[in-house]
There are 2 protein chains.
Amino acid sequence: MPNSNLNGCLNCRERSEIFSTLHHNELIHVDMCRVRMHYGVGEMIFKQGSPCYDFVCVTSGLVKLYVESGNDRKLIIGFAKPVDYIFVPGAYVDKRHHFSAMACEETTACLVEAEVIQSLVKTNPEFSYQSISKISAQAINLFEQLTNLTHKQMPGRMADMLIYLSHKVYESNPFFTHLTRQDFADLSGMTKESAIRVLKVFKDDGLVKIDGDLIHILDMPRLENISRNG
Amino acid sequence: MPNSNLNGCLNCRERSEIFSTLHHNELIHVDMCRVRMHYGVGEMIFKQGSPCYDFVCVTSGLVKLYVESGNDRKLIIGFAKPVDYIFVPGAYVDKRHHFSAMACEETTACLVEAEVIQSLVKTNPEFSYQSISKISAQAINLFEQLTNLTHKQMPGRMADMLIYLSHKVYESNPFFTHLTRQDFADLSGMTKESAIRVLKVFKDDGLVKIDGDLIHILDMPRLENISRNG
DNA sequence: GGGTTGCATTGATATATATCAATGCAATAC
DNA sequence: GTATTGCATTGATATATATCAATGCAACCC
């Protein structure tokens, strides 16, 4: 049964601001409709272009969100980690996904029918205000990503990415990551080979230390400086 | 008096979907709070980083929206034309503007205190749903812009830009524009010189005809092909 | 008319970045 | 134990793009 765990959504309410805006009976309703899913590393949660039926909330693991262009290049636009819900803008526009979501680690997520969530927007003003804030914040991040990727050269973009991973995704330094060099490249808009070369320079300059999956930013001020000067 | 024109917002309701969601008394209220402004070419309507006090709705002319990065490079992320309101995501996040708005032609716009609009989000579910749709559509455009700018080379980006101008901004072909070569460059993420060179190739290849401010796309299928193949 | 200003254009050159091809290297499969 | 697979790394090279410097050219000013 989907809501066999009685503390399901109530538990998440304590950890995610979005659920705190829901009234008790709304939360119960969401909880009833919820399906718990597990995804292995590399498994697709949803794919760009496909119809969007479900609202997805990540409860454990890590999910990368990326856009694909024709020539099978990818650009990672962000991550979802516990307890983030993935705002799907297409749900309010054309009922299609405009980016893909893939598990980068063993991941569990709750799915709720998109209709259920969207009807909350129409009945709960707090919830809709939260939704607007969420998508607004996402748009603001996209502005920054746009200028970073178009106005900076590779070292600046790589520095941005490392700082982003440390501050926003893993929230620690050093941090463990299972991201591949290709992911690094897809995050900073360059080829895998270029990513490797830039990282090598950073290592040689004593900016970072990379030990397998462990990344340690040794000189954050200098890295921030590289980010600033593009 | 701001609402000397009795048909003010009522008139816009007929031309812009966002106002059609407002109830009569809400519209009257917005109309009462509204200030009509005029901007000359090159005049700034609001600047990135500044506090956002006002909701802006363009009633005539053309406004470019752009983000600036440290090294005084710009990237135009879109335009607002009659009757578009400019959705300011910062209003729901940190009360700051995250992009700038500048008139590219003689422009008139109505300003309404941001608070007035934001309170409508909390009282009118139709209006908040519209707001979510608007910002969602904007986010979707940003995804596309991101991949266009990072995964395509100059000819592809220039083709995208010309198609965008013809289809979405001026909605005609040929079209008159007062945009400069620098604007073209800021739209397609390259330098002014590169923009000129790419345009020259397009002209020599018979793809477009440029006569001062008049731009004529002669071979749309081929231009779309260039856009697709990056 | 001559000067100034702002934008458009061109050419020469430097630089950043991608591509291609090869090799290394650890984990897993048989 | 050897083959295989997937990812990381390196070097050589080609290409895309920016930069710099100069010139053109129309509009406007005095």
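Every value quoted in this text rests on a predicted model; they were computed, and no experiment measured them. The chains referred to below are lettered A, B, ... by the order of the sequence lines, with proteins before strands, and numbering in each begins at 1.
Which of D:dT17, C:dA8, C:dT19 sits closest to the side chain of A:Thr191 comes down to C:dT19. Listed candidates were C:dA18, C:dA8, D:dC20. Nearest to the side chain of B:Glu193 is D:dC20. With distances taken from any side-chain atom of B:Arg157 to the nucleotides D:dT17, C:dT9, D:dC20, the minimum falls on D:dT17.
For the pair B:Lys203 and A:Gly189, nearest-nucleotide mapping onto DNA chain C gives the more 5' position to B:Lys203. Mapping A:Gln182 and B:Met190 onto DNA chain D by nearest heavy atom places A:Gln182 closer to the 5' end of the strand. Mapping A:Ile196 and A:Gln153 onto DNA chain D via the closest heavy atom, the residue that lands nearer the 5' end is A:Ile196.
Aromatic ring centroids of A:Tyr66 and B:Phe143 lie 6.0 Å or more apart.
Between B:Ser194 and D:dT17 there is no side-chain N or O to OP1 or OP2 distance below 4.0 Å. A sub-4.0 Å separation between OP1 or OP2 of D:dT10 and a side-chain N or O of A:Lys200 is present.
Atom CG in A:Asp213 sits about 14 Å away from atom P in C:dA26, given to the nearest Å. One interatomic measurement links the two molecules: CG of A:Asp204 to C1' of D:dT9, which rounds to 13 Å at whole-angstrom precision. Rounded to whole angstrom, the span from the CE atom of B:Met158 across to the P atom of D:dA16 amounts to 16 Å. Taking atom CG of residue A:Leu149 and atom P of nucleotide C:dA16, one finds them 18 Å apart after rounding to whole Å.
Within the model, atoms CG of B:Asp211 and NE2 of B:His216 stand 11.0 Å from one another, a figure rounded to the nearest 0.5 Å.
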Does A:Tyr170 form a ring pair (Phe, Tyr, Trp, His ring centres under 6.0 Å) with A:Phe176? I'd like the steps, not just the answer.
CA-CA 8 Å; A:Tyr170 298 104; A:Phe176 270 104; 9.4 Å; no

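Side-chain N/O atoms of B:Arg197 and base N/O atoms of C:dG11 include a donor-acceptor pair closer than 3.5 Å.
In A:Glu144, the CD atom is not crowded: 12 or fewer heavy atoms of neighbouring residues, nucleotides or ligands sit closer than 6.0 Å.
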